[in-house]
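Scroll down for the structure; my scribbles are underneath it.
Here is how names work: the chains are called A, B, and so on, in the same order as the sequence lines, proteins then strands, and each is numbered from 1.
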Amino acid sequence: MAPAAVARKEGPAARSTAAGKLSAYKAKRDFTKSPEPAAKRSRAVGHRFAIQRHDARRLHFDLRLELGGVLKSWAVTRGPSLDPADKRLSIHTEDHPLEYLSFEGVIPDGEYGGGTMIVWDHGTWTPDGDAEAAIAKGHLSFTLAGERLRGGWHLIRMRPRAKEKKEQWLLVKVDDEHALASVGGKQLVDAELTSILTGRTNAELAAGGAIRKDHAARRKVAAAKPSSPRARVPKAKKALLPVFLEPSLATLVEKAPAGPEWLHEIKHDGYRLQARIDGHSVKLLTRKGLDWTSKFGAVADGLRELKLGSALIDGEVVVEAESGISSFSLLQEAISAGRSDRMVFYAFDLLYVDGSSLEATPLVERKTQLAALLDDVPAGGSVRFSEHIDDDGVAMARHACRLGLEGIVSKRKDQPYRPGRGTHWLKTKCIERQEFVIAGFVPSTTSPKAVGSLILGDYENGKLVYVGRAGTGFTDRVARELWAALDPIKRTTAPFAAKPSVDAARGARWVEPRLVAEVELRGWTADGLLRHAAYKGLREDKDAVDVIRESPKASASAAAKAPSPIASHTFDLTHPDRVLWPDVGLTKQGLAEYYAEVADWILPHVVDRPLSLLRGPNGIGGKCFFQKHAWDGIGEAVQRQTIAGEEILSIRNLDGLVALVQAGSLEIHPWGSKLKDIEHPDRIVFDLDPDEGLTWDAVVEGALEVRERLRHLKLESFVKTSGGKGLHVVVPVAPKVDWATAKAFAKHVVEAMAKDSPDRYTANVAKRARADRIFIDYLRNGRGATAVAPYSTRARAGAPVSVPIGWDELTAGIRPNQFDVQTLPARLRHAEHDAWAGIGKLRQRIDLIRG
DNA sequence: GCCACTG
DNA sequence: CAGTGGCAACGCGGT
DNA sequence: ACCGCG
């Protein structure tokens, strides 16, 4: 039995990895050779090179590059390997600063002439502006992630080869959207949220829920059949309760399947467990059959209380965060703290019940029986039925990603339970998330006996291969725990099959490749290394040798187009590894990367407006302060100008935004007016701040009422989460009135609400007046007052973000702190349109409203 | 994060 | 030269 | 009149 299982695991996966690599390489070659019109190609590439000499080990050629109208040339050596997989080129020349650059390129076989030359992004360094100029002019194309690069801004760290030179940073914009989106993410956990994915409203949910009805209907059908549901099991076979059944695993795909033969569940972010119930004895078994009952006491108790007789239930145990989304990190915390009271077991399959094996029974029937079995479990208890929907999988995946969930699992309704990985279960992820073997670590530079970054690898064709590092995502505590776990298994040599490169080995302490880390990433670089990898936790339920690369099976291969980059100027980003949000391990570099990633979304809301900042150069734990006026030493990317005797701070682009990050800005608060007309606001903000203990529904209701009242005044409004507890309702107006008028208008609206529902709303800041009410703060609309910007981070635990949402989403299960720096990019990537589309164009008049 | 001021 | 404090401001209610 | 709070 066991050998067969192993063969099934290793065979296809290993093959697919190799095939993936091959096609990736081919895609690039195809692009290079594709007979595009010369004009088009030269715009993207803009240089020619000729092969000069070519021997068995090295390839030499001249690189001619037009820089600032001047043709320059270099001798280029490629080598030492001629392996087609090694596409790196290094420039060796004495006479030009570009010697420090490495290139990656593709050379047409046996030809002279044009080809794609791509700057290789690791450890590259430009001592002067030439490379930037070349990139800006499109003379060089730039890749950070090869085929998997997405359009948008990318933050590049440029490390000089020569140690004495200073490190610098560069922002590069890639304007081609590449088809291979990133996959993975977080998980949603309750049935209500499942329902949201169907687009049903809160009212419908409250009325019993379409999903529930669905199940009730199915149950009714089952019950209507001749005998009782349990006895009448098609294909159920009399059998003994198995000791353990190898779990069915889903294959990762890029795009969820559509069609009536599929059903879709939310992908839960926790530990896969099999509940084996044999009378009073309840065991919880991991995917390898280990008994973890003791770690999940509350779950076992919850199952015991069901008094099921005997059953084998497949499911996932999770811990829900405050936002209602399940979190793997929280689960691990709960386990290590020895408490299981917050854990929830989501049951999604039934393999055996009361003397009958259901392995051969079709899934939909198994789920129907499972639902019937769990019919009486209390809502909100520690055992829950994992609901599913029949809707189009692609749409469901999109909604799931927009809600910040990890992804979805699609299952064939008609298939029996099949242990091991198969294609009858498919998973689609919102954020790419994978396990890797920890091969070593770099000690923290900030605290002793703590890990600074992890050196990771995975098994490819049975060999451990370096895949990169994860240098963010550790909380202080976790960094010390990891050190404690890794220090005892230190070894002197790298555990990789091949000798690691200098880059890979820099600062490394090697360890026995035993531990498995779960890592979240945002794609792969051209060299097959991790991009933006963040550590998520240790996978104690997995063996290191099982960590083979898991890449999505593409439905249609998307050939890479040449990204067209625009580079900004180099700048400094000091202390990139400083941890600003210790609870989630978000670093300064991570913050800059976040803003680069959401640049297109946030910039329209923060550019050319006076800014106030909440700065905290030492993170949310250090001393933080507001700053409104410019100061000496802020770079040129941030504008300062004196208006009406005040030194106003503003930015014009992403360079400015990153300069704010460099200055230690944790929150960005723009004024409600534009720089060019500072005295006339074009945004009015209602800040709904609920008292402690108020339900979220009440806040939603409040926001909807604000919207309704504004509608009566013929004003369209927009809503965003605050990143804290409340909501912000924003009204775009024509900049026709002054601040005093705007504030008076907002006060008028809020006071009318407070007057009509004094038990629900107050316009009074006083603590007492706010008891059990929602304080609607209209004072944000005074001159110089500000509200946090859309997409700005908040200086609170979890690195939450203020996020614009559609009014239709508000009726669903979105929470004010639902999105954070980690989950928001996935939402934006899957967004069909901007939730605030049109806000910049509306010219609503409040000067015409009387009263 | 950085400047200005202090001892 | 190392150490340290500031880095917004506005309405409100309480003292 | 002043202070502390958000």
Please state how far atom CH2 in Trp671(A) lies from atom P in dA9(C), giving the value in whole angstrom units.
10 Å
Measure CH2/Trp739(A) against C1'/dA8(C) and give the value in whole Å, please.
15 Å
Taking the side chain of Gln662(A) as heavy atoms from C-beta outward, which of dC12(C), dG1(B), dA8(C) is closest to it?
dG1(B)
Asn764(A) has its side chain closest, among dG13(C), dG1(B), dA9(C), to dG13(C)
Do Phe718(A) and His728(A) have their ring centres less than 6.0 Å from each other?
no
Could you tell me if Arg615(A) sits above the aromatic ring of Trp631(A), with its cationic atom closer than 6.0 Å to the ring centre and no more than 45 degrees from the axis?
yes
Which part of the nucleic acid does Arg780(A) contact within heavy-atom distance under 4.0 Å: base, sugar-phosphate only, or nothing?
nothing
Distance check needed: dG1(B) P versus Leu591(A) CG, whole Å only.
11 Å
Measuring only the C1' atom in each nucleotide, how far is dA8(C) from dA1(D)? A whole number of Å is fine.
22 Å
Give Thr574(A) one of three labels, base, sugar-phosphate or nothing, depending on what nucleic acid heavy atoms sit under 4.0 Å from its own.
sugar-phosphate
May I ask you to evaluate whether Arg615(A) reaches the phosphate of dG6(C), defined as a side-chain N or O under 4.0 Å from OP1 or OP2?
no
Parallel, tilted or perpendicular: which fits the ring planes of Tyr791(A) and His605(A), with parallel below 30° and perpendicular above 60°?
tilted
Quick check for you: among dA9(C), dG1(B), dC12(C), whose closest atom lies nearest to any side-chain atom of Glu646(A)?
dA9(C)
Which nucleotide in the list dG1(B), dG11(C), dA8(C) gets nearest to the side chain of Lys743(A)?
dG11(C)
Rounded distance in Å - CZ (Phe775(A)) to P (dC10(C)):
16 Å
Nearest listed nucleotide, side chain of Lys623(A), among dA8(C), dC12(C), dG6(C)
dG6(C)
Is the closest basic N to carboxylate O distance between Glu647(A) and Lys628(A) below 4.0 Å?
no
Check the distance between dC2(B)'s C1' and Leu613(A)'s CG and give it to me in whole angstrom.
14 Å
Check whether the side chains of His669(A) and Glu667(A) place a donor and an acceptor atom closer than 3.5 Å, and report yes or no.
yes
Would you classify Asn618(A) as touching base, sugar-phosphate or nothing, given that sugar-phosphate means primed atoms plus P, OP1 and OP2, and contacts are heavy atoms under 4.0 Å?
nothing
Side-chain atoms of Phe626(A) come closest, of dG1(B), dC12(C), dA8(C), to dA8(C)
Find the distance Trp631(A):CH2 to dC5(B):P and express it as a whole number of Å.
18 Å
note: Glu751(A), atom CD; dG11(C), atom P; distance rounded to Å ~ 14 Å
dG6(C) and dG4(D): how far apart are their P atoms, nearest whole angstrom?
15 Å
Roughly how many Å is it from CZ in Arg783(A) to C1' in dA8(C), rounded to a whole number?
13 Å
Answer yes or no: are there more than 12 heavy-atom neighbours, outside Arg709(A) itself, under 6.0 Å from its atom CZ?
yes
Picking from dC12(C), dC7(C), dA8(C), which would you name as closest to the side chain of His629(A)?
dA8(C)
